[in-house]
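First the structure, in the form of structure tokens, and then the observations on it.
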Amino acid sequence: MPELPEVEVVRRGLERWVVGRTIASVSVAHPRAIRQHVAGVEDFAGLLVGRRVEAARRRGKYLWLPLGPCDGGAPEYALLAHLGMSGQLLVQPPGTPDEKHLRVRFTFADDGLELRFVDQRTFGRLAVEPLDSAAAPAPDGVPKVIAHIARDPLEAGFDDEEFYAAVRRRRTGIKRALLDQSLISGVGNIYADEALWRAGLHYARPTETLTRTEVTRLLAAVRAVMGEALAAGGTSFDSLYVNVNGESGYFDRSLNVYGRENEPCARCGTPIRRDPFMNRSSYTCPRCQPRPRRARW
DNA sequence: AGACCAACCTGCTGGC
DNA sequence: TGCCAGCAGGTTGGTC
């Protein structure tokens, strides 16, 4: 499941149901799910079995579970997960029939609920990554392989001023910048469109023309829409986007533009418009978000 | 460096 | 009914 609010819903589920438990077994039904773990299936499982899950962390759309060493002490490794377009992390009672797209199963020493990675489109991935070492310290305890992922707008360390400066240095459209996970992480196609609508900005607005006021308004809109989505348990149009217990969020009912082509704008009544954008779609209100004369996309 | 695209997958929907 | 094109919430690696 995709964007920040949905991933945070999953993180909270892992915190509640998985943290504090010791992994007893790992079975990989589909090796593509761990393709990022280049040392292979045996190595992947070997690094996990016997370790205790110490925490559930997230940056942007990435999740990771720091793992305590078998002999105690600070975590050296983490199980890193990205859900891609259709990945799910589910907690299930042992014996529950396998899901059609079950990729990896984790069992625990307490013989309680299993953790299952289920992923229809197989864009998601799991890997065990070193969390820290003297040679390559991990800032903030973030796995080194996701060092290129910027802080997300709900993190305390996110620097609004630096984001504004980075946006102004770019030569592209604002939506491309919002989707660039090295500038700001966690924003995907739904929340980009929703935030731009709230901020009254068109997706093709050239980044170098944005004022500080507009960027401030945009960041406030991103935070507001994500916060509301989180409170609603995330956005789900179908059973692909669910929490660890398989339940859907209901924020889709609160979307103002995404997926609402030809429906009236909640602010002005103008029919919402859909444009092709990066092999996907962008939804705007033509009146609240007029296309700039000089557009970039 | 930074901008942009194709590629990676499966499944569903709508049009013919 | 069948088939095919188009579409889906993401990231990456490659080119320019």
Side-chain angles (χ1 to χ4, degrees), chain A residues 1-10 29-38 58-63 80-89 99-103 117-127 143 145-150 152 165-196 203-204 206-208 222 225-226 229-230 232-243 248-255 257-261 274-283 295-297:
Chain A
M1 14 212 258
E3 306 183 45
L4 188 153
E6 293 76 40
V7 179
E8 175 62 15
V9 166
V10 172
H30 195 314
R32 182 171 155 79
I34 65 153
R35 65 198 178 283
Q36 190 182 317
H37 192 95
V38 289
R58 181 190 57 74
R59 170 166 287 180
K61 303 168 196 171
Y62 281 88
L63 284 168
L80 179 67
H82 194 288
L83 302 174
M85 291 285 265
S86 56
Q88 304 173 330
L89 285 165
E99 294 76 5
K100 181 175 181 190
H101 301 292
L102 175 66
R103 308 305 188 194
F117 180 60
V118 175
D119 188 14
Q120 176 196 109
R121 292 177 70 183
T122 73
F123 290 168
R125 53 211 147 84
L126 306 180
V145 289
I146 60 163
H148 63 293
I149 302 297
D152 67 59
V167 164
R168 290 293 301 252
R169 283 195 296 267
R170 285 298 172 99
R171 292 293 179 269
T172 188
I174 183 57
K175 184 172 173 183
R176 280 184 183 275
L178 269 183
L179 296 177
D180 185 338
Q181 306 294 301
S182 70
L183 288 181
I184 179 172
S185 68
V187 183
N189 207 32
I190 292 182
Y191 297 109
D193 279 4
E194 293 297 313
L196 288 165
Y203 61 85
T207 46
E208 72 271 27
V222 168
V225 71
M226 284 183 168
L230 195 47
T235 298
S236 313
F237 303 117
D238 54 45
S239 60
L240 226 42
Y241 303 97
V242 294
N243 66 17
S248 294
Y250 51 87
F251 191 70
D252 61 304
R253 290 174 226 164
S254 303
L255 296 175
V257 283
Y258 188 87
R260 314 199 79 87
E261 184 178 16
R274 183 177 82 85
D275 295 323
F277 179 88
M278 294 170 77
N279 288 322
R280 289 196 179 75
S281 300
S282 274
Y283 298 89
R296 283 185 190 275
W297 67 90

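Letters go in sequence order (proteins before strands), and every chain restarts at 1. As the structure is a computational prediction, the values presented were derived from the model and not from experiment.
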task: Go through residues 181-191 of chain A and report each residue with a non-hydrogen atom lying under 4.0 Å from DNA chain C, sorted by number.
output: A:Q181, A:G188, A:N189, A:I190
query: Taking atom types as modelled and ignoring hydrogens, do the side chains of A:Y258 and A:D252 form a donor-acceptor contact shorter than 3.5 angstrom?
result: no
- request: Can you measure from CD1 (A:I34) to NE2 (A:H30) and round to the nearest 0.5 angstrom?
  value: 11.5 Å
- prompt: Can you tell me how far C1' of C:dG9 sits from NZ of A:K61, to the nearest Å?
  reply: 8 Å
task: Report yes or no: do A:Y191 and A:T235 form a side-chain donor-acceptor pair below 3.5 Å?
output: yes
- prompt: Judged by atom type as modelled, is there a donor-acceptor pair below 3.5 Å linking the side chain of A:E261 to the main-chain atoms of A:Y283?
  reply: no
field: Any A:S281 side-chain N or O less than 4.0 Å from OP1/OP2 of C:dA8
entry: yes
message: Looking at A:F237, I want to see if its CZ is surrounded by more than 12 non-hydrogen atoms of other residues, nucleotides or ligands under 6.0 Å.
response: yes
field: Side-chain N,O (A:R169) to OP1/OP2 (B:dG2) below 4.0 Å
entry: no
field: Nearest-0.5 Å distance, OH of residue A:Y203 to CG of residue A:N189
entry: 11.0 Å
- prompt: Base, sugar-phosphate, or nothing: which does A:Y62 touch, judged by heavy atoms less than 4.0 Å apart?
  reply: sugar-phosphate
message: Can you measure A:M278 atom CE to C:dG9 atom C1' for me and round it to whole angstrom units?
response: 13 Å
message: What's A:D119 touching, base or sugar-phosphate or nothing? Going by heavy atoms closer than 4.0 Å.
response: nothing
query: Side chains of A:T122 and A:R32: is there a donor and an acceptor less than 3.5 Å apart?
result: yes
task: Please work out the stems of DNA chain B from pairs that are Watson-Crick or G-U wobble with both distances under 3.5 Å, keeping only runs of three or more consecutive pairs.
output: B:2-8 with C:10-16, B:10-16 with C:2-8
query: Which value, in whole Å, describes the distance between the P atoms of nucleotides C:dA5 and B:dA7?
result: 16 Å
query: How far does the P atom of C:dG14 sit from the matching atom of B:dC9, given to the nearest Å?
result: 15 Å
- prompt: To the nearest angstrom, how far is A:R274 atom CZ from B:dG14 atom C1'?
  reply: 13 Å
message: Closer than 3.5 angstrom, by distance alone: can the side chain of A:Q181 be matched with the main-chain N or O of A:L179 as a donor-acceptor pair?
response: yes
- request: Calculate the interatomic distance between A:D152 atom CG and C:dT11 atom P; express it in whole Å.
  value: 12 Å
- request: Assign a letter to each nucleotide of nucleotides 6-11 of chain B from its 5' end: B, base within under 4.0 Å of a protein heavy atom; S, sugar-phosphate only; -, no contact.
  value: S-BBBS
query: If you measure from the P atom in C:dG9 to the same atom in B:dT13, how many Å do you get, rounded?
result: 16 Å
field: Whole-Å distance separating the CG atom of A:L255 from the P atom of C:dG9
entry: 12 Å
message: Could you check whether A:K61 and A:S185, counting side-chain N and O atoms only, form a donor-acceptor pair closer than 3.5 Å?
response: no
Atom-to-atom span, CE of A:M85 to P of C:dT11 - whole angstrom: 10 Å
message: Looking at every heavy atom in both A:M85 and A:R121, which two are closest together, and how far apart are they?
response: CE-NH1, 3.4 Å
query: Of all heavy-atom pairs between A:A166 and A:L183, which one has the smallest distance, and what is that distance?
result: CB-CD2, 3.7 Å
query: Roughly, in whole Å, what's the span from CG in A:L83 to P in C:dT11?
result: 10 Å
field: Whole-Å gap separating P (B:dG2) and CZ (A:R170)
entry: 6 Å
- request: Tell me which nucleotide among C:dG9, B:dC4, C:dT11 gets nearest to the side chain of A:R125.
  value: C:dT11
field: Donor-acceptor under 3.5 Å (A:Q88 side chain, A:D119 main chain)
entry: no
